[in-house]
Amino acid sequence: MGTGTSKNLDGGSHGNEEEREENLDQAGGQLYISLKMENFKLKGELIPHIYGSVPLVGSWDSSKALSLERESASMWELSFVVPPNHESLDFKFLLKPRYSNSPCIVEEGPNRLLSGGMLQGDTRMALFKLSADEVLEYRVFIKADRVSPFDLAASWRAYQDNLRPSAVRGIPDVSINSVSETGPENNSSVSLELDLEHYVVPAPSNSGFVYAANLTETPRSLTGFGVHFNADGPGNTSSSKESGVVGDRSTTVKNMTVILPDPPKMYMGSGTVESKSVGTFSHLQRQDSHRGLFVDRGVGSPRLVKSASTSTIFSDLKLDTESKNSMPAAAGAVAAAAVADQMLGPKEDRHLAIVLVGLPARGKTFTAAKLTRYLRWLGHETKHFNVGKYRRLKHGANQSADFFRADNPEGMEARNEVAALAMEDMISWMQEGGQVGILDATNSTRKRRNMLMKLAEGKCRIIFLETLCNDQRIIERNIRLKIQQSPDYAEETDFEAGCRDFKARLDNYEKVYEPVEEGSYIKMIDMVSGHGGQIQVNNISGYLPGRIVFFLVNTHLTPRPILLTRHGESMDNVRGRIGGDNELSEAGEVYSKKLANFVEKRLKSERAASIWTSTLQRTILTASPIVGFPKIQWRALDEIYVGVCDGMTYEETKKNMPEEYEARKKDKLRYRYPRGESYLDVIQRLEPVIIELERQRAPVVVISHQAVLRALYAYFADRPLKEIPHIEVPLHTIIEIQMGVTGVQEKRYKLMD
């Protein structure tokens, strides 16, 4: 250890100790002591302290005890220097409550005596009796080093320069004249106002509540009627030249690598198709026309392998620079499977139409909006077409229930016309590069559905999505929400009159309603309540339809908040370094306490809530003061892995790796750090987190990192993929996402600067 010697807690020495100690004594060497306590089942509200004789504290008064500093998630440490004339230490460990003035808990057993760097007596664990039945155990590590004043000075300078624990010539940074934490930790610096509204800050302008149908596609087939509509939701851009709007295009298939392998190395897999009986699957060998096509499903760019038997594949698919069928902006397995779906099967299977079916007030628009948001987030070009919006723009919003009678030929003709217009717009958009179109309407008769299938023939594949609900309470709630929010009743001043008219409209639909029994379909039966229900599928196959079914199985309408927040400020944040796994700064520690206070107030009646963190210690430490809720660590919530750039500043990256710096600057979404990840990789690994958040019925607090929270927030806010790397997620701010029957709403709380 350079100019120092070390003794372990058993008193053993290393090397020629006597000679070195004599040299250090002559040079004014001093004793450096490091005390550590380790416990993997920490009580977050109890902080390890030490007290004892001179020179440690100089008093056996527990109020003057010195706090150990957290070194890692399970380890606490205190280091100090002992003057030559005080090399005998008499001390004990104790636990002090974090948030109150409750009595301290002193360790069991006799005092510990350290003399000349050697622990007297047997080493033992620190035992704390919390109650008659509960004893908390800590492993104790005591290390003594005799070091020179020069090494001590260098270590102290390192501490001052780095503002975090480091080491100089093997000596950890030394804290001299440490003082205990300031009083009870519920003082004014960490406590919150009783009214949490005091901390509310403005959310982004596009986060307010908007009626879901108004966020659907603008009917371009109705532009001839002089309609101008600017209420498009996120991502509702069109690539139509006639509309003058240029849509964001994803990376095209031309960027994939095509390899011609030896025939013996070809992968001969089998496809999966579903039989006509509901919900049963069988395996069928891949047809000869598809023989030899293999998609590598590993993380990274998809690779297509082509054998001689598939020599015409490129001319059939027209995979050139003018191709309108763009690759989905997804990563790894997501993109590979999506490409496989585009490559295999008939041409119309490369485009998917999800056609909603169901009576009014059954949650069709809500389901369509959630599914659109999910598919867009995964990188699939998806748009939501609402037939009701077409109807209102062409025939007005003030149609009475008589307009929806089956024996009203003018009304029937008008409704079929706007349904056909919406379907034609959706198919036109698909032919320009769209992948998944969602047609939102009642489509309650077999005749209407046959009309839609005829329009789609040879152009896209149709899957009917039927929502059925038999719970009268939910239906009544949805009706009342419809009257409050729908443009159809915006001019109705009598709420009850509006309810009566809507129920009359509902009766007209019920008289002619025919459940789906034809084609490919998914039936959601009493799923919206979030308690039970069932889902039926028929003739469903392929990657994307399978993902849709899995998503729908886990979605529901139960209102609950999801709180998103970054960890408290870390030492790497202070120094501007990326990556790493270090501890919190002083400001970060304060935020962790304020966050605990906030969660206690906000979720005091939500005992089923849970706290989710990453596996990195800065999120675990931020969550540690929160008590009373289960805590779950997700590796999927870890910060974007920056590979060889870990621990560097952006300036260092720019200086030492200019090509990488410029590549990241040009495309932050797709840029992958050397031996690291891209934002698209992060999105891919977050899909299980999204599914579980959708499945949860109780509040969840997610404590994670900037890149991860950008991706999660983009899902809930329906932000385009290209915006994800630029979304602002500030430190020490809580983003509350409220999920429920009215969609997704956002509220932000800034607890500290």
Q: I'd like to know if Arg376 pairs up with Glu381 as an ion pair, taking the criterion as any Lys NZ or Arg NE/NH1/NH2 lying under 4.0 Å from an Asp or Glu carboxylate oxygen.
A: no
Q: In plain terms, say whether Glu687 and Arg547 are close enough for a salt bridge, that is, a side-chain N and a carboxylate O under 4.0 Å apart.
A: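 Salt bridge present between Glu687 and Arg547.
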Q: If the plane angle is over 60° it's perpendicular, under 30° parallel, otherwise tilted; pick one for His395 and Phe403.
A: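 Taking Phe403 first and then His395, their aromatic rings sit tilted (interplane angle of 30° to 60°).
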Q: Answer yes or no: is there a donor N or O on one side and an acceptor on the other, between the side chain of Asn508 and the main chain of Ala401, under 3.5 Å?
A: yes
Q: Quick check with a 6.0 Å cut-off and a 45 degree axis cone: is Arg710 positioned over the face of Tyr679's six-membered ring?
A: no
Q: Answer yes or no for Arg500 and Tyr489: cation-pi contact, defined as NZ/CZ to six-membered ring centre under 6.0 Å and angle to ring axis within 45°.
A: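 Checked: cation-pi criterion not met.
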Q: Salt bridge check, Arg480 against Glu496: does any charged N sit closer than 4.0 Å to a carboxylate O?
A: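 Judged by the 4.0 Å cut-off on N to carboxylate O distance, Glu496 and Arg480 do form a salt bridge.
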Q: Is Asp440 salt-bridged to Lys389, going by a charged N under 4.0 Å from an acidic O?
A: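 No, Asp440 and Lys389 are not salt-bridged.
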Q: Start with the C-alpha distance between Asn416 and Glu413, add both sets of side-chain angles, then the distance that settles side-chain contact (heavy atoms from CB on, under 4.5 Å), and finish with yes or no.
A: CA-CA 5 Å; Asn416 285 332; Glu413 182 180 355; 6.0 Å; no
Q: Under a 4.0 Å N-O cut-off, is there an ion pair linking Arg602 with Glu736?
A: yes
Q: Rounded at 0.5 Å granularity, tell me how far CG in Leu455 sits from CD in Glu424.
A: 5.5 Å
Q: Answer yes when Arg473 and Glu476 have at least one side-chain N-carboxylate O distance shorter than 4.0 Å, and no when they do not.
A: no
Q: Closer than 4.0 angstrom, basic N to acidic O: yes or no for Lys370 and Asp718?
A: no
Q: Using a 4.5 Å cut-off on heavy atoms from C-beta on, say whether the side chain of Ile735 contacts that of Thr565.
A: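 Side-chain contact under 4.5 Å: no.
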Q: Answer yes or no: are there more than 12 heavy-atom neighbours, outside Lys511 itself, under 6.0 Å from its atom NZ?
A: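 No, NZ of Lys511 has 12 or fewer neighbouring heavy atoms, counting only those of other groups under 6.0 Å.
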Q: Mind checking whether Tyr509 and Phe404 have parallel, tilted or perpendicular rings, split at 30° and 60°?
A: tilted
Q: Got Leu439 and Val387 here, is their nearest side-chain heavy-atom distance under 4.5 Å?
A: yes
